[in-house]
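Counting starts at 1 for both ligands and their atoms, in listed order. In what follows, residues are counted from 1 in the order of the sequence shown.
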Amino acid sequence: MMQNQGAAGPSCVLEGPLDPCSIIIFGGTGDLATRKLIPALFKLYANQALPEDFLIAGCGRTRLDDTKYKKKAEEALAGLHKGDSGKISDFLALIHYHSVDFDEPASFDSLADWLSDLEEKKGLSGNRLLYFALPPALYARAARLTGSSRLCRPKKDGWIRLVVEKPFGRDLDSARELDEVLHQFFKEDQIFRIDHYLAKETVQNILIFRFANSIFEPLWNRRYVDYIDITAAESIGIGNRGSYYEEAGVLRDMFQNHMMQLLALIAMEPPASFETSMVRREKIKVFQALRHIPLERIKDFLKLGQYGPGLIDGSPVPGYRQESGVKPDSRVPTYASMELYLDNWRWQGVPFYVTSGKRMPQKMTRISIQFKEVPHSMFRNVLGEHIMANRLVIDIAPEEKISLTFQAKVPGPRICLYSVTMDFAYEGPGKAMLLDAYEKVLIDCMQGDQMLFWHQEGVERCWAFLTPILQRIEDPSSPCSLEIYKAGTWGPGFSRHGKASSQHS
Ligand code: BG6
């Protein structure tokens, strides 16, 4: 265990006061709003991290009055107030609801008028954060409807920002089309393409770890690294998101966004400075270097699986095909493991095994950098040939830590080695400052800071890589193999070089 030296100062917590604003959540009664956004906003509010003056407006097709919406929000906050229910009722007083009809453009103008009245009553200046927590198929329509309504006419010096959830499009063409629609109404600096993985503390720490220390970077390349595993395993299934997941599958749900961002952070070159455009540019270069998977040999590089019935924590759970909203003969993968290569100087020949799956035995988001074995074993006579190579593990969830495994001598008269691990975990004062990923992205949007959001070019580069793969695996005339794995197991895995399986050891 390591000592934390040099405590974080107050400036590490917040970056100054935020502009007063209205936060308008489209899809306000949906899963994302109630499970993630409202709780994140409440936590920020309870920690005095929101602007002094603000309001939250939930919007959606469901007809609800303010009171019923507040009740829904209160349910979403159950368990969060920790004895301070006063804070909850103060927060609920700032929440409102207005229904909109996506087939009725005039309803967006009525929303705008209703909002202006509210803002005026509360003395708000008209800064607006529009959050599309909507089914992805509605993004373009919602952008047209909001963009052409009075909602998007800012008052003098006011700002309008738009947050769009992933997946951004369902392939390269649709991502381009969506972007074109957004740009008819919004400028690039108004568009925040969210990826909540980027806002996770441990994910942000990857850049600090790599580029604020001089000892790791010289080893971070093909000379020393044998392979890299990037895994996001989840024990949950698809829950009540069957109809969304049938359209997405694991490649659109996790790979096109979260997994690609983890890959970029691990593989990118150091930017000249920690500025949004430079950091995003270096990530885009990683996506540019992705070697296309030869489709005629796709099975050598991609394993797909779908969970069947099984046990999670000892309790039976249904298989994917038995989930609501899923076709009984669905071939949508809930698991994928991909072997990737980057065609650039640093990473030539180093495999990246990228894996994500649902209904695995446990939640585990982890990046492992497996170093090469020592070039020559001077201990051959006493130990035999093999000495375990070093491994650096970055745990993102559920644990948040970095560990380095190396060899040490077992105390005693004989020469025997054993692997020891040095850990850094977020503990002590730092732990209290940990922001949930959604809290962080909401703050960044209010600050207009796009560092942790996707740039369209990155989105397109990743789709350019994944679209041929998706076309191949979704081609009904030549189905790719899809292994059904029992819920509660690790999925088909990669036996190539026997390396990726080491991830779970
Ligand atoms: C979301 C996916 O973006 O990320 C979900 O749509 C997935 O399917 C979730 O469960 C995982 O996020 P986290 O933060 O729990 O690892």
Side-chain angles (χ1 to χ4, degrees), residues 27 30-37 39-40 43 131-139 163-170 175 192-206 229-263 265 304-307 312 317 320 323-326 330 332-336 354-367 394-401 426 434-442 452-454 458-459 462 466 487 491 503:
D31 188 61
L32 177 68
T34 48
R35 237 171 18 92
K36 297 280 189 191
L37 301 178
K43 283 201 244 152
Y131 200 119
F132 285 180
L134 291 165
L138 274 181
Y139 292 163
V163 186
V164 186
E165 269 288 336
K166 55 142 276 261
F168 196 85
R170 52 174 292 106
F192 289 71
R193 298 175 195 83
I194 199 167
D195 187 323
H196 77 279
Y197 264 51
L198 285 178
K200 289 176 186 262
E201 276 296 342
T202 352
V203 173
Q204 292 179 63
N205 195 31
I206 295 173
D229 267 325
I230 304 179
T231 295
E234 296 180 275
S235 58
I236 55 166
I238 51 141
N240 56 10
R241 299 195 305 155
S243 54
Y244 153 74
Y245 205 87
E246 278 284 274
E247 290 298 312
V250 66
L251 293 180
R252 292 189 181 88
D253 187 50
M254 293 293 289
F255 273 66
Q256 202 280 336
N257 29 71
H258 308 325
M259 306 311 281
M260 286 294 164
Q261 283 292 348
L262 296 180
L263 171 74
L265 288 165
L304 297 175
Q306 187 190 75
Y307 64 84
I312 296 281
V317 293
Y320 177 70
E323 302 275 18
S324 92
V326 173
S330 172
V332 167
T334 59
Y335 168 99
V354 183
T355 304
S356 178
K358 296 225 182 277
R359 287 291 190 217
M360 315 253 99
Q362 67 187 72
K363 169 95 183 163
M364 188 191 68
T365 314
R366 167 180 287 184
I367 302 173
I394 301 174
D395 271 307
I396 293 163
E399 287 182 294
E400 299 182 305
K401 62 175 190 172
Y426 281 86
L434 280 181
L435 287 183
D436 163 81
Y438 274 96
E439 294 171 46
K440 171 74 178 145
V441 282
L442 284 161
L452 300 182
F453 296 80
W454 278 86
V459 173
C462 290
L466 280 173
Q503 175 70 206

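One finds no salt bridge joining Lys36 and Asp31 here, because no Lys/Arg side-chain nitrogen approaches an Asp/Glu carboxylate oxygen to under 4.0 Å.
Here the closest heavy-atom approach between residue Glu246 and residue Ser330 is recorded as OE2-OG, 2.7 Å. Contact record, Gln204 with Ala199: NE2-O, 3.0 Å, taken as the closest heavy-atom pair.
A distance-only check finds a donor-acceptor pair linking the side chain of Lys166 to the backbone of Asp253 [under 3.5 Å].
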Step by step, would you call Thr231 with Met364 a side-chain contact (heavy atoms from CB on, under 4.5 Å)? CA-CA 7 Å; Thr231 295; Met364 188 191 68; 3.9 Å; yes
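Met360 CE to Thr334 OG1: the interatomic distance, rounded to the nearest 0.5 Å, is 7.0 Å.
Listed by chain and number, Lys166, His196, Tyr197, Lys200, Glu234, Ile236, Arg241, Asp253, Met254, His258, Lys358, Lys363 each place a non-hydrogen atom less than 4.0 angstrom from ligand 1.
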